[in-house]
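These notes concern the structure reproduced below.
Because the structure is predicted, anything quoted here is derived from the model rather than measured. Along the sequence shown, residues carry numbers from 1. Side chains included, hydrogens not; waters and symmetry mates left out as well; all remaining heavy atoms used.
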Amino acid sequence: MSEVNRTPLPGSSVAGPATDPQLDLWRELPIAQQPTWREHKDYQSSINELGSRPPLVFAGEVDILRERLAEAAQGRAFLLQGGDCAETFADATADKISARVRTILQMAVVLTYGSSMPVIKMGRMAGQFAKPRSSNDETRDGVTLPAFRGDIVNGYEFTEESRAHDPKRMVQAYNTSSATLNLIRAFTQGGFADLRSVHSWNSGFMANPAHSAYEQLAGEIDSAIRFMDACGADFEALKRTEFFASHEALLLDYERALTRTDSRTGLPYDTSGHFLWIGERTRQLDHAHIDFLSRVRNPIGVKLGPTTEADDALRLIEKLDPNREPGRLTFITRMGAKNIREKLPNLVEKVTASGAQVLWVTDPMHGNTVTSQNGYKTRNFDAVMDEVRGFFEVHDSLGTFPGGLHVEMTGDDVAECLGGADPIREEDFDSLYESVCDPRLNHRQSLEMAFLVSSALQSRSRKR
């Protein structure tokens, strides 16, 4: 085959890992939350295998997302980001993936109506296989083994063999992500996302008397869709939708192996996902995660907890968004309902005063985790929603834009978070708790959140 025929198409990537030596400077820096597998016999072959695989996403798609997030940062769009706390290989089935995508699409229709603006749909999917842990080890009945760090690192079963760190799991994570993305693209481009169908799915939710408080809003959406249909709106165009994939960029071995050089610009893109975020445990300015992600062109998110100082946020901006590029940097605040109204205002004020155009998103899940009386890690729906309300209140008071939601949720009817209009109780956990890590909102709780947030967005748009 000639050199001309091997030239990548515009927006695609040059084969093999990007060769820019600056992409490896992180290897000389302190690094947290990494597996112990560098000496494993399969480590290098697994890295080589990943490096030879096609990209999971394309640079052109990443650029589109950056444009969409820039609109959100300027108050002209809203981000909905949701999915599992930690994906598992076993749950990467067509039924579970479609249920998750379906729930996000249902939420997005409700939020679009309330906000009167586009909603960017993004899954914590096709790569969210790694989880940071507070301890390297776990002890049960006097036996100590490595902690479960997600399917990309080791197994959940409490055995020595399962808990061993295995680099071959990175290749399995790639394969599972590829299959997941294929399904997502089929669902969102093949009529599954038709606006009329998505709205009709909400009729089942509304049929439950527990959700009667949302009847008026659901009726308004129904009337709007019927009006569009009667006017001859091009529903053919509305049968498809954009859907982006995101995950925490925790395992830098995996991220580096999937970083490619864009054929158009010669710049590096991490093709493991469209949007990558840095967690609260790995956002140290002089550490490896910040350095590596500062060098790729993907939009980047950073989780900010209640101990974050304004100077921390400003230094993160200097490192990750030195050119002040709208859409490049998202701050995902995870303060907890008790802290959001006290801690967030100073951050937003100082960042806004600096001239940076970051996108502000709330993660109302992680700051509200508690242990139930029967021993399960859980979250209370009322506390989650109180943090969301506090997030909106702070931005309303400062004249800034509350730009999105980042939630751990599932399309299944699990019982992991307490409360909601159709309430989950502690006794439900024994039979319906499925998460291998953090508790998720179930399908009904997720839709209830969307209706509540939509009402807030609707009230806000009427004031403008």
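A salt bridge is defined here as a Lys NZ or Arg NE, NH1 or NH2 lying under 4.0 Å from an Asp or Glu carboxylate O, and E387 with R341 fails to meet this definition. By the 4.0 Å N-to-carboxylate-O rule, D438 lies close enough to R379 to be salt-bridged with it. In summary, E242 and R68 engage in a salt bridge, as defined by a charged side-chain N under 4.0 Å from a carboxylate O. Taking 4.0 Å as the cut-off between side-chain N and carboxylate O, R163 and E138 count as a salt-bridged pair. Between R124 and D84 no salt bridge is recorded (no basic side-chain N to carboxylate O distance below 4.0 Å). Salt bridge present: R66 and D63 bring a charged side-chain N and a carboxylate O closer than 4.0 Å. Taking a cutoff of 4.0 Å between a charged side-chain nitrogen and a carboxylate oxygen, D312 and R315 qualify as a salt bridge. With respect to D291 and K319, a salt bridge is recorded, a charged nitrogen being found less than 4.0 Å from a carboxylate O.
Checked against a 6.0 Å centroid threshold, the rings of F205 and F451 count as neighbours. Aromatic rings of W277 and H406 (six-membered ring for Trp) have centroids within the 6.0 Å cut-off, being under it. Note: W360 and F392 fail the aromatic proximity criterion, with ring centroids not under 6.0 Å apart.
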**Request:** Start with the C-alpha gap between L69 and I120, add the side-chain angles, then the distance that decides, and say whether side-chain contact (heavy atoms from CB on, under 4.5 Å) holds.
**Result:** CA-CA 8 Å; L69 295 176; I120 305 158; 3.9 Å; yes
**Request:** Would you check, one step at a time, whether the test side-chain contact (heavy atoms from CB on, under 4.5 Å) holds for D412 with N442?
**Result:** CA-CA 6 Å; D412 303 322; N442 64 25; over 6 Å; no
**Message:** T282 vs H287, test: side-chain contact (heavy atoms from CB on, under 4.5 Å). Steps then yes/no.
**Reply:** CA-CA 8 Å; T282 53; H287 279 42; over 6 Å; no
**Request:** Give the C-alpha distance, both sets of side-chain angles, the deciding distance and a yes or no for side-chain contact (heavy atoms from CB on, under 4.5 Å) between I104 and L80.
**Result:** CA-CA 8 Å; I104 291 172; L80 172 62; 4.0 Å; yes
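With hydrogens and angles disregarded, no donor-acceptor distance shorter than 3.5 Å links the side chain of D222 to the backbone of A218. T112 contributes a side-chain N or O that, together with a main-chain N or O of A108, makes up a donor-acceptor pair within less than 3.5 Å. A donor-acceptor pair is defined here as one N or O able to donate and one able to accept, closer than 3.5 Å; no such pair exists between the side chain of Q81 and the backbone of M122. When atom types are taken as modelled, the side chain of N154 and the backbone of R149 share a donor-acceptor pair closer than 3.5 angstrom. Q189 places no side-chain N or O within 3.5 Å of a backbone atom of A186 that could act as its donor or acceptor partner. Side chain of Q33 to backbone of R133: a donor-acceptor contact under 3.5 angstrom is found. In terms of modelled atom types and a separation under 3.5 Å, the side chain of K121 and the main chain of V119 share a donor-acceptor contact. Proximity of a side-chain donor or acceptor of Y269 to a complementary backbone N or O of G60 within less than 3.5 Å is not detected. Distance alone, capped at 3.5 Å, is enough to place a donor-acceptor pair between the E416 side chain and the R440 backbone. S162 places no side-chain N or O within donor-acceptor distance of the main-chain N or O of T159, the cut-off being under 3.5 Å.
Taking CD1 from I225 and NE2 from H199, the interatomic distance works out to 4.5 Å, rounded to the nearest 0.5 Å. We find the NZ-CZ distance between K131 and R281 to be 8.5 Å, quoted to the nearest 0.5 Å. Note that CG of D430 and OH of Y376 are 4.0 Å apart. Values are rounded to the nearest 0.5 Å. In this structure, S454 OG and M107 CE are separated by 11.0 Å, a value rounded to the nearest 0.5 Å. In this structure, OG1 on T259 lies 8.0 Å from CG on N298, to the nearest 0.5 angstrom. In this structure, CG on L238 lies 6.0 Å from CZ on F235, to the nearest 0.5 angstrom.
Smallest separation of non-hydrogen atoms from V62 and P299: CG1-CD, 3.5 Å. Taking every heavy atom of both residues into account, D91 and R100 meet most closely at O-NH2, 4.0 Å. When all heavy atoms of M117 and F78 are compared, the pair lying nearest together is SD-N, 4.1 Å. Here the shortest heavy-atom pairing between E255 and L250 reads OE2-N, 4.5 Å. When every heavy atom of R328 is checked against every heavy atom of V296, the shortest pair comes out as NH1-O, 2.8 Å. Taking each heavy atom of A210 and A421 in turn, the nearest pair found is O-CB, 3.3 Å.
Under the rule for a side chain to side chain contact (heavy atoms under 4.5 Å, CB included), the partners of E426 that lie at least two apart in sequence or sit in another chain are S372, Q373, N374, L418, F429.
Side-chain contact check for M206 versus Y214: some heavy-atom pair is nearer than 4.5 Å. With a 4.5 Å cut-off on side-chain heavy atoms, T188 and V101 count as touching. Residues D396 and F401 are not in side-chain contact: their nearest non-hydrogen atoms beyond the backbone lie 4.5 Å or more apart. Between I424 and F381, every side-chain heavy-atom pair lies at or beyond the 4.5 Å cut-off. Between I31 and Q34, some side-chain heavy-atom pair lies under the 4.5 Å cut-off. Inter-residue side-chain proximity for Y174 and Y254 is flagged as met; some heavy-atom pair is nearer than 4.5 Å. In this structure, D151 and Q172 have side chains that are not in contact, with every pair of non-hydrogen atoms separated by 4.5 Å or more. Using a 4.5 Å heavy-atom cutoff, the side chains of L276 and H289 are not in contact.
For S446 and T103, the side-chain atoms include no donor-acceptor pair closer than 3.5 Å. Donor-acceptor pairing under 3.5 Å is recorded for the side chains of H366 and E408. A side-chain N or O of S272 and one of D270 form a donor-acceptor pair less than 3.5 Å apart. Using modelled atom types and a 3.5 Å distance limit, the side chains of T308 and R283 yield a donor-acceptor pair. Side chain to side chain, Q357 and E325 fail the donor-acceptor criterion of an N or O pair below 3.5 Å. Looking only at atom types and distance, the side chain of Y433 has no donor-acceptor partner in the side chain of D428 under 3.5 Å away. Under 3.5 Å, the side chains of N368 and R334 contain no donor-acceptor pair of N or O atoms.
Aromatic ring orientation, F89 versus F129: tilted (interplanar angle from 30° to 60°).
Shown are V361, V358, L344, L359; of these, the side chain to side chain contact (heavy atoms under 4.5 Å, CB included) with F331 is made only by V358.
Shown here is E309, whose CD atom has no more than 12 heavy atoms of other residues, nucleotides or ligands within 6.0 Å.
Cation-pi geometry between R102 and F192 is not met at under 6.0 angstrom from the ring centre and within 45 degrees of the axis.
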